[in-house]
Amino acid sequence: MASELKQFTREDVAKHNREDDLWIVVDAKVYDVTKFKNLHPGGASVFFEEDIAGQDATEVFYGLHRHEVLLRPQYARLQIGTIEGEKSLVVNKVPGMISQVPYAEPTWLSKGYYSPYHKESHRRFQREVRKFMDEIVLPDALLHEEDGKRPSLSVIQKMADLNLHAMRMGPGKHLKGLTLMNEFARCPARGYGDGLNGGQVIGLPPVMNFGTPALRERVVKDVLSGNKFICLAISEAFAGSDKTEDGKFWIVNGTKKWITNGTFTVGCNTENGITVILIERGDGVETKSIKTSYSPTAGTAYITFENVKVPVENTLGPEGGGVFVILSNFNHERWVMCCSSSRSQRLAVEECLKWVTQRKAFGKPLSSQAVIRNKLAQMITRVESAQSWLENITHQMNNMNYKQQAQSLAGPIALLKMYCTSSAQDTARDAVQIFGGRGITKTGMGRAIEHLHRVVPFDALLGGAEDVLADLGVRQALKGMPKDARL
């Protein structure tokens, strides 16, 4: 199309300023909006405001619309040319590209910065994962976040083909030398993120770390290949189990609530205490959808177990030893949520920095307001401190075995999650204030901010409420106090 476009001077464009012959300029591109003006959602009158008809409307356009609007076929076809001797300043997003907006990326991805943890191989791998997310996952996410249907099986299979499901499980032999990189939270579709095998991320580790070799062989491969699904069922309401007289089976009865995905790793009350059992979907297992404030694509469910017969070989860890299994698994679960929370905050910072530089109020950009700059300063401070803490914790996890992590990192990870999720709620609130009414509108300029503000409480609850985690972190610290410590 570019070869067919004509070049015009600004004087040429200025002649087309009538109702029956109306052109405008947006980012050095010339658009004929003569026929479109009456279809404009804001009415035709907006085109006849001062300095719009036949003029450069770039500033006005970007104060009202996202750049992607110009890329939609129905609007792209309105372009008839470009301004002679000028080039567009706004760059179209390319799948996999790194944002150049300050603080939009962690420093290890930012030009001119260094990292003690990351090498060039990490950056190459990150680029490929982001490209995959932008090209394959994002379109599916935006579609199903809206219609509430489960993530497409084709996407899940493509992830399996690249071993991405295994990468989300953290360090271990299952990775085959690959390094975990988390790009999932960049996608502004929180429900879809959980629906995209989010249950596997927290439901499979107990099988991998506490299941028998035979159970691991039967289950892990099918889950990581995308052929089967799994989740973790710890939350209320209740579930209990007894053994059959011959001791070969558990008989499970009860319910679980707010559970995502399909096959179940379940914590049950047994005669000797809490025991974790892998329950496969079958007779006696029923699920019902639960409506929450984020998309049904997450598959949040209420589960009923009625006399479900489970082989004792599906026991994960020792009978009565479920507390250790659950608490050990919480480290990985909470770490994943820290990754998600810190990334979503960074997206909010990027959106706000773009908005305050392109939006004008009373003739001045929002960035000229000290109160706006102060909110941005607080947002940046929170996300950068969370990132630094997260990278340090991740480094410890990469150098500790599972048992060492359970012993040494439960407290620090609990405090990190508490900090990340409380910071995210503050950042979401500040972002809404910066965007104003657009920050509570599901479409348009503030859609990513509205989404974050609506779903940010989820991370504050999942994996343990903030107050509970704060108390856990301090209690763990007090347990480690040396007996001879005195002021």
Side-chain angles (χ1 to χ4, degrees), residues 1-102 104 111 127 130-143 186 188 350-351 353-360 363 365 438 443-448:
M1 185 177 95
S3 61
E4 302 173 0
L5 294 176
K6 296 180 179 180
Q7 289 195 333
F8 302 96
T9 64
R10 290 186 176 271
E11 289 73 20
D12 293 332
V13 176
K15 298 175 184 178
H16 302 268
N17 59 0
R18 303 187 310 275
E19 185 173 351
D20 61 346
D21 183 18
L22 182 60
W23 294 6
I24 62 171
V25 177
V26 178
D27 193 29
K29 298 174 182 176
V30 181
Y31 294 87
D32 184 346
V33 295
T34 306
K35 296 180 179 180
F36 168 72
K37 65 181 185 300
N38 292 320
L39 301 175
H40 188 271
S45 61
V46 299
F47 290 100
F48 298 101
E49 296 286 338
E50 186 179 359
D51 296 331
I52 292 183
Q55 303 297 316
D56 192 322
T58 301
E59 188 175 290
V60 175
F61 177 85
Y62 284 112
L64 298 170
H65 303 289
R66 301 181 75 94
H67 176 67
E68 65 199 47
V69 170
L70 295 176
L71 306 180
R72 296 173 185 167
Q74 66 267 39
Y75 304 126
R77 63 182 176 81
L78 301 178
Q79 184 184 354
I80 58 174
T82 60
I83 295 296
E84 185 178 4
E86 297 184 23
K87 292 183 178 181
S88 296
L89 296 177
V90 182
V91 179
N92 294 339
K93 182 180 178 182
V94 177
M97 72 182 294
I98 300 295
S99 175
Q100 300 304 309
V101 175
K111 187 176 181 180
R127 286 194 292 269
R130 180 170 295 188
K131 188 171 184 290
F132 177 87
M133 293 295 296
D134 288 346
E135 292 180 338
I136 305 300
V137 177
L138 181 59
D140 195 59
L142 296 179
L143 172 64
R186 287 183 63 254
E350 179 179 14
E351 293 281 302
L353 283 170
K354 289 179 179 178
W355 177 241
V356 301
T357 54
Q358 70 189 63
R359 173 62 173 168
K360 285 192 174 182
R438 291 172 175 83
T443 58
M445 302 294 283
R447 68 176 186 221

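Computed from a prediction, not measured in an experiment: that's the story for all the values here. In what follows, residues are counted from 1 in the order of the sequence shown.
No donor-acceptor pair closer than 3.5 Å links the side chain of Gln79 to the backbone N or O of Val30. Side-chain atoms of Asp134 come within 3.5 Å of backbone N or O of Gly96 as a donor-acceptor pair. Counting only distance, with no hydrogens or angles, the side chain of Thr82 and the backbone of Ala28 share no donor-acceptor pair below 3.5 Å. Of the possible polar contacts, one joining the Asp12 side chain to the Thr9 backbone as a donor-acceptor pair under 3.5 Å is found. Judged by distance alone, with hydrogens and angles left aside, the side-chain atoms of Lys37 form a donor-acceptor pair with the main-chain N or O of Glu19 at under 3.5 Å.
We find that Arg447 and Glu68 are joined by a salt bridge, their nearest charged nitrogen and carboxylate oxygen being less than 4.0 Å apart. A salt bridge is defined here as a Lys NZ or Arg NE, NH1 or NH2 lying under 4.0 Å from an Asp or Glu carboxylate O, and Glu135 with Lys131 meets this definition. A salt bridge does not link Glu351 to Arg438: none of the charged nitrogens lies less than 4.0 Å from a carboxylate oxygen.
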Q: Please report the C-alpha distance between Asp56 and Arg10 in whole Å, then the side-chain angles of each, then the deciding distance to 0.1 Å, and finally whether the side-chain contact (heavy atoms from CB on, under 4.5 Å) criterion is met.
A: CA-CA 8 Å; Asp56 192 322; Arg10 290 186 176 271; 3.1 Å; yes
Q. Where do Lys6 and Ile80 land on the side-chain contact (heavy atoms from CB on, under 4.5 Å) test, with the steps shown first?
A. CA-CA 7 Å; Lys6 296 180 179 180; Ile80 58 174; over 6 Å; no
Q: Could you walk me through whether Val46 and Leu64 pass the side-chain contact (heavy atoms from CB on, under 4.5 Å) test, one step at a time?
A: CA-CA 11 Å; Val46 299; Leu64 298 170; over 6 Å; no
Q: Show the numbers, then the answer: is there a side-chain contact (heavy atoms from CB on, under 4.5 Å) between Arg130 and Ile98?
A: CA-CA 9 Å; Arg130 180 170 295 188; Ile98 300 295; 3.7 Å; yes
Which atom pairs, one a donor and one an acceptor, fall under 3.5 Å between side chains of residues 87-94 and the rest of the protein, sequence neighbours left out?
unit_1: Ser88; atom_1: OG; unit_2: Asp27; atom_2: O; d: 2.8
unit_1: Asn92; atom_1: OD1; unit_2: His67; atom_2: NE2; d: 2.6

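With a 6.0 Å radius and a threshold of 12 heavy atoms from other residues, nucleotides or ligands, Glu59 has its CD atom at or below the threshold.
Remark: Asn17 CG to Phe47 CZ distance equals 14.0 Å, nearest 0.5 Å. Between the CG atom in Leu143 and the CG atom in Leu138 there is a gap of 11.0 Å [rounded to 0.5 Å]. Atoms CZ and CZ, from Arg72 and Arg66 in turn, are 10.0 Å apart once rounded to the nearest 0.5 Å.
The closest side-chain heavy-atom distance from Val25 to Phe8 is not below 4.5 Å. With contacts defined as side-chain heavy-atom distances shorter than 4.5 Å, the pair Asp21/Arg18 qualifies.
Taking each heavy atom of Ser99 and Val101 in turn, the nearest pair found is OG-N, 3.2 Å. Taking each heavy atom of Leu71 and Ala76 in turn, the nearest pair found is O-CB, 4.3 Å. Contact between Trp355 and Met445 at its shortest, heavy atoms only, is CZ3-CE, 3.2 Å. Annotation for Glu84 and Gln7: closest pair CG-OE1, 3.8 Å, computed over non-hydrogen atoms. Ala57 approaches Ile52 most closely through the heavy-atom pair CB-CG2, 4.4 Å. Between Thr357 and Lys354, the closest heavy-atom pair is OG1-O, 2.9 Å.
By the 30° and 60° cut-offs, the orientation of the rings of Trp23 relative to His16 is parallel.
Ring centers of Phe36 and Tyr31: at least 6.0 Å apart, outside the cut-off.
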